[in-house]
Amino acid sequence: MSLAAHGFLSPSGVEIAFLLVGLVTFGAALVTVTTKQLVHAALWLVVTLGGLAVEYLLLTAEFIAWVQVLIYLGSVVVLLLFGLMLTKAPIGRSPDADSGNRPVALAVAVVAAVSLVWVVLDAFRTTWIDLDGPAQGSTEVTGHFLFRNWVLPFEALSVLLLAALVGAIVLSRKRGATAKNGTAKNGATKNGTAASNSRSGKEQR
């Protein structure tokens with residue numbers, strides 16, 4: 001009788017927790033893309049990815065949750081912070097972070113979200129989970145699907161992260177060389193001015 005009484009209007013504690021964590025994650029994601037402080041955006045991204053890991057735990061996908069923590073929280077966010085440091089991004093509010101194209105960005109985000117939801121629903125419309133079978137979030141099942149069906153996207157992601165790190169290093173070196181050239185030019189200008197002043201002083205004497 002208890003299973004029959006359970007429904008949409010009588011959610012369980014896990015479902016309520018899933019909804020609350022989802023709302024917090026959604027709010028953190030909105031702050032991530034709307035804040036003008038790049039460091040704060042990276043930190044709010046930590047909250048967003050952590051919320052997704054909690055959602056995976058609530059769905060009994062422990063392996064996916066730990067992968068989320070180790071790879072995204074432990075690698076991707078650290079890579080973003082290193083990129084911010086190497087490119088000498090401003091710590092405070094940055095006017096360059098707001099391009100003024102928010103309506104266009106919002107429209108693109110809505111279209112992308114609708115397209116993603118439609119693709120997922122269309123792909124898994126006739127897919128059913130066998131509740132009596134092995135857990136879908138276990139290490140065995142996840143490893144089977146990941147390294148048999150999704151090897152190429154998994155490796156492409158690693159190459160993308162490496163390219164981002166190399167790009168950050170190249171940009172930091174270019175900016176460093178430009179700053180050094182500017183400093184050398186300023187020093188040469190000051191030396192030339194000092195030499196001309198000393199010559200004029202000697203001539204006056």
Side-chain angles (χ1 to χ4, degrees), residues 11 13-121 123-124 137 142 146 150 152-175:
V14 175
E15 293 173 344
I16 295 175
F18 186 87
L19 179 61
L20 294 178
V21 174
L23 292 176
V24 173
T25 304
F26 181 74
L30 286 180
V31 177
T32 301
V33 298
T34 55
T35 183
K36 292 184 179 180
Q37 298 189 9
L38 297 179
V39 178
H40 288 184
L43 296 178
W44 279 109
L45 182 61
V46 172
V47 179
T48 304
L49 297 177
L52 290 177
V54 175
E55 298 283 57
Y56 288 136
L57 281 177
L58 294 175
L59 292 174
T60 66
E62 294 85 2
F63 178 73
I64 302 297
W66 285 115
V67 168
Q68 177 81 12
V69 172
L70 293 176
I71 295 180
Y72 285 93
L73 288 178
S75 300
V76 175
V77 175
V78 173
L79 178 62
L80 289 176
L81 293 176
F82 268 106
L84 292 176
M85 290 187 293
L86 289 174
T87 55
K88 297 181 180 179
I91 298 178
R93 299 179 65 87
S94 176
D96 297 335
D98 190 4
S99 62
N101 294 326
R102 289 191 176 184
V104 178
L106 179 61
V108 172
V110 171
V111 172
V114 171
S115 302
L116 181 61
V117 170
W118 180 80
V119 168
V120 171
L121 292 178
F124 297 97
T142 304
L146 180 62
W150 301 99
L152 184 59
F154 187 77
E155 295 297 330
L157 178 61
S158 63
V159 174
L160 179 62
L161 295 177
L162 179 61
L165 181 59
V166 173
I169 295 174
V170 171
L171 289 176
S172 64
R173 288 189 174 182
K174 286 184 178 179
R175 292 187 178 183

All side-chain contact (heavy atoms from CB on, under 4.5 Å) counterparts of [X], not counting sequence neighbours:
{"X": "Phe18", "value": "Glu55, Leu58, Leu59"}
{"X": "Val67", "value": "Phe63, Ile71"}
{"X": "Leu116", "value": "Val120"}

For [X] against [Y], the heavy-atom pair lying closest together:
{"X": "Gly51", "Y": "Thr25", "result": "CA-OG1, 3.3 Å"}
{"X": "Ala65", "Y": "Ala53", "result": "CB-O, 3.4 Å"}
{"X": "Leu30", "Y": "Thr34", "result": "O-OG1, 2.6 Å"}

**Item:** Check: Ser115 side chain, Val111 main-chain N or O, donor-acceptor pair, under 3.5 Å
**Value:**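 Yes; judged by distance alone, with no hydrogens or angles, the pair exists.
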**Message:** So does Ala29 get a backbone contact from the side chain of Thr48, meaning a donor-acceptor N/O pair under 3.5 Å?
**Reply:** yes
**Request:** Give, for atom NE2 of His40 and atom CG of Leu45, the distance between the pair rounded to the nearest 0.5 Å.
**Result:**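 So the NE2 of His40 and the CG of Leu45 are separated by 14.0 Å.
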**Request:** To the nearest 0.5 angstrom, please state how far the CG atom of Leu52 sits from the CG atom of Leu57.
**Result:**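 Reported to 0.5 Å precision, the distance equals 11.5 Å.
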**Request:** Taking the side chain as every heavy atom from C-beta outward, state whether Leu23 and Phe26 have any atom pair closer than 4.5 Å.
**Result:**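 No, every pair of side-chain atoms sits at 4.5 Å or beyond.
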**Message:** In the structure I gave you, are the side-chain heavy atoms of Gln68 and Leu49 within less than 4.5 Å of one another anywhere?
**Reply:** yes
